[in-house]
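Worksheet for the structure shown next.
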2 protein chains.
Amino acid sequence: MDHSKDHLQELQRGVVEVFPDGHPTDQPLDCLWHRLKTCDRPLRIKLGIDPTGSDVHLGHSIVLRKLRQFQDAGHCAVLIMGDFTAQIGDPTGKSDVRRQLTPEDVQANVKTYLEQVRPILDFDTPDRLEICYNSEWLSQLNLSKILNLLSTMTVGQMLAKEGFSERYGKGNPIFLHEFLYPLMQGYDSVAIEADVELGGTDQKFNIAVGRDLQRHFQRSPQFGLLMPILPGTDGIQKMSKSLGNYVALTESAVSMYSKLEKVPDGVINQYLELLTDLPLEDLPPNPRDRQKLLALEVVGQYHGRELAQQTQRELAAIVTQGAMAQAESLPEFSLGDLTFPLKISYLISQTKLCSSSSEARRQIKGGGVRLNGEKVMDPDLAIAEGTDIIGQVLQVGKKKFIRFVP
Amino acid sequence: MDHSKDHLQELQRGVVEVFPDGHPTDQPLDCLWHRLKTCDRPLRIKLGIDPTGSDVHLGHSIVLRKLRQFQDAGHCAVLIMGDFTAQIGDPTGKSDVRRQLTPEDVQANVKTYLEQVRPILDFDTPDRLEICYNSEWLSQLNLSKILNLLSTMTVGQMLAKEGFSERYGKGNPIFLHEFLYPLMQGYDSVAIEADVELGGTDQKFNIAVGRDLQRHFQRSPQFGLLMPILPGTDGIQKMSKSLGNYVALTESAVSMYSKLEKVPDGVINQYLELLTDLPLEDLPPNPRDRQKLLALEVVGQYHGRELAQQTQRELAAIVTQGAMAQAESLPEFSLGDLTFPLKISYLISQTKLCSSSSEARRQIKGGGVRLNGEKVMDPDLAIAEGTDIIGQVLQVGKKKFIRFVP
């Protein structure tokens, strides 16, 4: 295992909470970071997956990326496919989320899932990835063992769980079998002998149940490592398919890029921290530049650097063309009074989009001038004839446009 | 099946509640009594037993006697031995009641149990008794079926159960596995296809769960028939071994008789109704006579009529001897002044235990006079010589004694 300073720093990046959080010198075994530095074998890092067949999105990618970091540091990622739960569905038939799936459904979903996460995880290095199906051990549980599992917790503890407490408080029914799900998830940790379980902050209770059950079965309890829940592209609610504010890992580069370059200012930094490896000290000051950097980086992860850059270029053009489409109703500037050839900076000053030729030169050097969507690079660019540019759109900055007319 | 008026009356005797309690003409299928009159096959009458090895006592005998009445009317008693639960014990290890038993323990307890209830149930008529072990079906339940069972109820419904609600209200822990026990008992009804389940009033919830589960599994739901919980021989708390206020079915005739003839006035009638078949209209008016009748009847059920009567006689003598032992310190009456022979009624008037000879005659006729513990029957009984009775104890009523001295 490699726990150089870099790896440790990488593993700690974006983490909301690790528990238990004993101080490394007081109770070294209770501190994950200390444990990582001193362990003499690869740890087993658990991540549970519901093979429900829905798109994996950037929200899910956060824990997967963390899992990859553990792989890179030499540990073993253990992906647990919750095929057992998927195949029984919700016994009350009331939940759409827990629709009952056939074994074939589950197999198909697992396949799709693995295809989606292939760009994130290391599938190739030996002993760094295990894929398990929890039906393997859960289908073996009989009533006696289940009573034993249930006996480890009280009704009060279960009702204190977020979600349950609210529903119970409101008088909404909680069906008894729902109490078994956290215990089943916890028992997965026993079965695969997890050393660490990863999850979103909403998984704290379930991961803690796993610790309790491991202790109950005389195993060493796992660490819990919680990552934030990613806000969606609306910047408000958590990323979720049903809210339509998500970016799926399988989206095209264009779709992914165009969503990410519009992520609201308030969440850009969180996106950069959680979805990229970019050093956070070195980010460009301008939020627009951060958006583009984010989009380029993330698209690069799933579609390769080259396609990401190409997409960035193409989309910039499309954006301008879009603006041009709007330009049908733009202010017009008549070329009739001008004498050609002339320099573009002079032309711009004549349109009044800049106050002077020198102001126009500055804008061009700053990359703020486009002619028909193409960035103008040379302030001395000569326009030979007025007819060369009739119908074209001149853009200065984000918002100032004119169209040339005869 | 025999549902003559007598049988129906017998079956209804002492019953606290039958549910559902639909009116026989409105919803004939929802009324047990109507169902009994119209059914064309023997019904399966369920009684669940915990083979914990403790003494069966008269409190338990109430439902067993009811079960026997169903047998006598042609139905099939299905005794369910809860061997599964007994063998797993209480997973928390906190309950003495649910001590974990080996299969051998359970077998031994079942044997002892059947020996104890043999005087009550009909073991001999074919097709009127089935003995089942619930491990047969409960050990076959897997996680999927158990989730299904659990999904039939909500946390709120379970917490509304007597016992649970109090503990939850007080903040005392309720362990999750405890929620499974009512469902396991209910599933027994599904497994044995019970038509009726008998129980004490404390079993209403569990029996109702059985109905729900039968419906859930598309079976016809059972009727619940609830019998009272018998107060102990203290007349206050419910009969229970731990309170020491119980009469075990295996107690000797003497022990059983002596406990029953002292049952407090407030509960005699309930005992007579629930523990005997005596017609309640014809009971003797005097509570003392009712106690003796009760003791004679119940001892007769478990030890035979003859031994019961013998015990009654012997105990009467012992009681008097006991009184006589106390009599060492009794007031003395000197025979020195009297002229013999004389009639006993005159003698009694002289002792002042009665105010006159005629009062003494009345007491004798009423059975209230004993000489050395033997009831005096003849008011004209002649005492030939004073020496015949020197040292003997004369008793009038319950509390007046004198000893004859020279």
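What you see below is based on every heavy atom in this structure, not just the backbone, and it leaves out hydrogens, waters and symmetry mates. Lettering follows sequence order; numbering is per chain, from 1.
- Heavy-atom neighbours of Glu136(A) CD from other residues, nucleotides or ligands within 6.0 Å: at or below the threshold of 12.
- Here OG of Ser139(A) is found 8.5 Å from CG of Leu143(B). Values are rounded to the nearest 0.5 Å.
- Interface remark: of the candidates Val155(B), Leu183(B), Leu141(B), Val155(B) forms the most heavy-atom pairs closer than 4.5 Å to chain A.
- Below 30°, between 30° and 60°, or above 60°: for Tyr168(B) and Tyr168(A) the angle between ring planes is above 60°, a perpendicular geometry.
- With a 4.5 angstrom heavy-atom cutoff, Leu159(A) touches chain B only via side-chain atoms.
- Atom CD of Glu162(B) has 12 or fewer heavy atoms from other residues, nucleotides or ligands within 6.0 Å.
- Options Glu178(B), Met184(B), Gln140(B) differ in how many heavy-atom pairs under 4.5 Å they form with chain A, and the most are formed by Met184(B).
- Looking at Met158(A), only its side chain comes within 4.5 Å of chain B, counting heavy atoms on both sides.
- With rounding to the nearest 0.5 Å, the separation of CG in Leu176(A) from CG in Leu147(B) is 11.0 Å.
- Separation of atoms NE2 (His177(B)) and OG1 (Thr152(A)) is listed at 10.0 Å; rounding is to 0.5 Å.
- With rounding to the nearest 0.5 angstrom, the CD atom of Gln157(A) is 12.0 Å from the CD1 atom of Ile174(B).
- Of the inter-residue distances, the one linking Asn142(A) atom CG with Lys145(B) atom NZ reads 12.0 Å to the nearest 0.5 angstrom.
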